[in-house]
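Below, chain A is the first sequence line, B the second, and so on; all start at residue 1.
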2 protein chains.
Amino acid sequence: MFTIGVLARKAQCSVPTVRYYEAQGLMPPAERRESGHRVYGRADLARLVMIRRLRDLDVPLERVKSLLALEANGKPCAETLAFFQEQRDAIRQRIEALKDLDLTLSLHMANCQAGCLPANGPCDLYSAI
Amino acid sequence: MFTIGVLARKAQCSVPTVRYYEAQGLMPPAERRESGHRVYGRADLARLVMIRRLRDLDVPLERVKSLLALEANGKPCAETLAFFQEQRDAIRQRIEALKDLDLTLSLHMANCQAGCLPANGPCDLYSAI
DNA sequence: GTCCGACCTCAAGTTACTTGAGGTTCAAGG
DNA sequence: CCTTGAACCTCAAGTAACTTGAGGTCGGAC
């Protein structure tokens, strides 16, 4: 059992974001202390982490919401399985794109250091494309 | 020389986005035909692609703008070099995080297929965390 | 007991686009 | 030549996902 601040830190997001998710129905209404302060448990953290992961992949909140609802309703697994497959493919594509960009930047930086840093002159950003 | 539609397609973004970037001063005011239609060249494409790449890394538009301005002003290269280094580090971290998530999803899917698909029952989303 | 950091609510602001309305322009076919 | 549908134009308004701000309460260390 922990506070919203601790929850947010563990899930790597801001406190207002957690409250926002609750307001949007992505997180269940949190239990409260007498004082009105929210209290969270392990399940809440798990759910929040999952939301954040999906958001990192740019899955819209609405889709995250319906996916979580799907799980809660105990609907057939095939639907979520298909979704995960899709996400995994997206991840792999993204990894490839990032590797490509990494290489591009490295080349650009090498050019930059070789030709332009000694003279302290400008370097051509577009050469990186 | 090509139209805004062709430019957008080549840079993998929408036509309104290109116009938006122009309005925000990220793209230079495009040349126009008599008709008022915008006309673009290779340099424009290069610039737009760079903007999109940086945006894919969640670099805010303001930062993209100042970076491009830096290049245009012919300021010392060290500043942009540092920026690229930073971006490259971010990319590498992101690749690692994505690989991790990929593995997690794969494991989850395997569980899902083994334990839950035959019975067509629900599978626990949180087991993936 | 008091003080500071963490919590509360509610409203408004921000970023980066997207969508819609209402109207020209271009180019391929009849 | 004419027309017709896709692509272009401007300007205003809408959207997603947060973030920030104002104004106030709570908790626990000194």
Side-chain angles (χ1 to χ4, degrees), chain A residues 1-41 44-45 47-69 83 87 90 94 97, chain B residues 1-41 44-45 47-69 87 90 94:
Chain A
M1 291 303 204
F2 34 81
T3 68
I4 195 172
V6 174
L7 178 74
R9 204 158 40 253
K10 287 191 192 212
Q12 314 244 61
C13 72
S14 75
V15 166
T17 295
V18 178
R19 286 198 278 253
Y20 173 75
Y21 287 161
E22 181 179 321
Q24 302 306 304
L26 275 119
M27 290 293 284
E31 266 185 77
R32 304 291 187 117
R33 285 196 208 163
E34 281 295 301
S35 60
H37 288 195
R38 291 170 178 82
V39 185
Y40 296 95
D44 296 304
L45 175 59
R47 189 179 176 102
L48 182 55
V49 167
M50 180 54 78
I51 295 171
R52 291 308 308 169
R53 287 200 166 168
L54 293 172
R55 290 291 307 127
D56 279 348
L57 294 171
D58 287 326
V59 178
L61 278 189
E62 272 312 306
R63 195 153 183 203
V64 173
K65 197 169 165 178
S66 60
L67 186 70
L68 292 176
F83 177 84
Q87 290 310 313
R94 205 137 160 181
Chain B
M1 291 301 203
F2 34 80
T3 68
I4 195 173
V6 174
L7 178 75
R9 204 158 40 253
K10 287 190 193 216
Q12 314 245 59
C13 72
S14 75
V15 167
T17 296
V18 178
R19 286 197 278 250
Y20 173 74
Y21 287 161
E22 180 179 322
Q24 301 307 304
L26 275 119
M27 291 291 287
E31 266 184 78
R32 304 290 186 120
R33 285 196 207 161
E34 282 294 303
S35 61
H37 288 194
R38 290 171 178 82
V39 184
Y40 296 94
D44 297 303
L45 175 58
R47 189 178 176 102
L48 182 54
V49 167
M50 179 54 80
I51 295 171
R52 292 307 307 171
R53 287 198 165 169
L54 293 172
R55 289 293 305 127
D56 279 347
L57 294 171
D58 288 327
V59 178
L61 279 189
E62 271 313 306
R63 194 153 185 202
V64 172
K65 196 169 166 179
S66 61
L67 186 71
L68 292 176
Q87 291 310 314
R94 205 138 160 180

Q. Does a side-chain N or O from B:R52 land closer than 4.0 Å to OP1 or OP2 of C:dC17, or not?
A. yes
Q | A:G5 vs B:Y21, nearer the 5' end of DNA chain C by closest nucleotide | A | A:G5
Q. For the pair made of CD1 in B:I51 and P in C:dA16, what is the distance, rounded to whole Å?
A. 12 Å
(Q) Looking at B:S14, I'd like to know whether one of its side-chain N or O atoms comes within less than 4.0 Å of OP1 or OP2 on C:dC17. (A) no
(Q) Run the side-chain contact (heavy atoms from CB on, under 4.5 Å) test on B:L67 and B:M50 for me, step by step, so that the C-alpha distance in whole Å, both residues' side-chain angles and the decisive distance to 0.1 Å come before the verdict. (A) CA-CA 11 Å; B:L67 186 71; B:M50 179 54 80; over 6 Å; no
(Q) Nearest heavy atom decides the nucleotide; on that basis, is A:T17 or A:S35 closer to the 5' end of DNA chain D? (A) A:T17
Q. Between B:Y21 and B:R55, does a side-chain contact (heavy atoms from CB on, under 4.5 Å) hold up when you go through it step by step?
A. CA-CA 12 Å; B:Y21 287 161; B:R55 289 293 305 127; 3.8 Å; yes
Q: Figure out the CD/C1' separation between B:E31 and D:dC8, and round it to whole Å.
A: 17 Å
**Q.** Whole angstrom value for the distance that separates P of D:dT19 from CG of A:L61
**A.** 11 Å
**Q.** Whole-Å gap separating C1' (D:dC8) and CD (B:E22)
**A.** 13 Å
Q. In whole angstrom, what separates A:K65's NZ from D:dA17's C1'?
A. 13 Å
Q: Remember a base hit wins even if backbone is also touched, and classify A:R19 as base, sugar-phosphate or nothing at under 4.0 Å, heavy atoms.
A: base
Q | Which residue lies more 5' along DNA chain D, comparing A:H37 with A:P16 via nearest heavy atoms | A | A:P16
(Q) Evaluate A:Y40 against A:L48 for side-chain contact (heavy atoms from CB on, under 4.5 Å), listing each step before the verdict. (A) CA-CA 11 Å; A:Y40 296 95; A:L48 182 55; over 6 Å; no
Q: Check every strand shown and say whether B:R32 touches a base, only sugar-phosphate, or nothing at a heavy-atom separation below 4.0 Å.
A: sugar-phosphate
Q. Between D:dC8 and B:T3, is there an OP1 or OP2 to side-chain N/O distance shorter than 4.0 Å?
A. yes
Q: Starting from P on C:dC8, measure out to CZ on A:R38 and report it in whole angstrom.
A: 5 Å
(Q) Using 0.5 Å steps for rounding, measure from the CG atom of A:L26 to the CD atom of A:E62. (A) 7.5 Å
Q | Heavy-atom pair of closest approach, residues A:D44 and A:M27 | A | O-CE, 3.4 Å
Q: Round to the nearest Å and state the distance from B:Q24 atom CD to D:dC11 atom C1'.
A: 14 Å
Q: Can you tell me the distance, in whole Å, between the CE atom of B:M1 and the P atom of C:dC26?
A: 16 Å
Q: Could you tell me whether B:R63 contacts a base, only the sugar-phosphate backbone, or nothing, with contacts defined as non-hydrogen atoms closer than 4.0 Å?
A: nothing
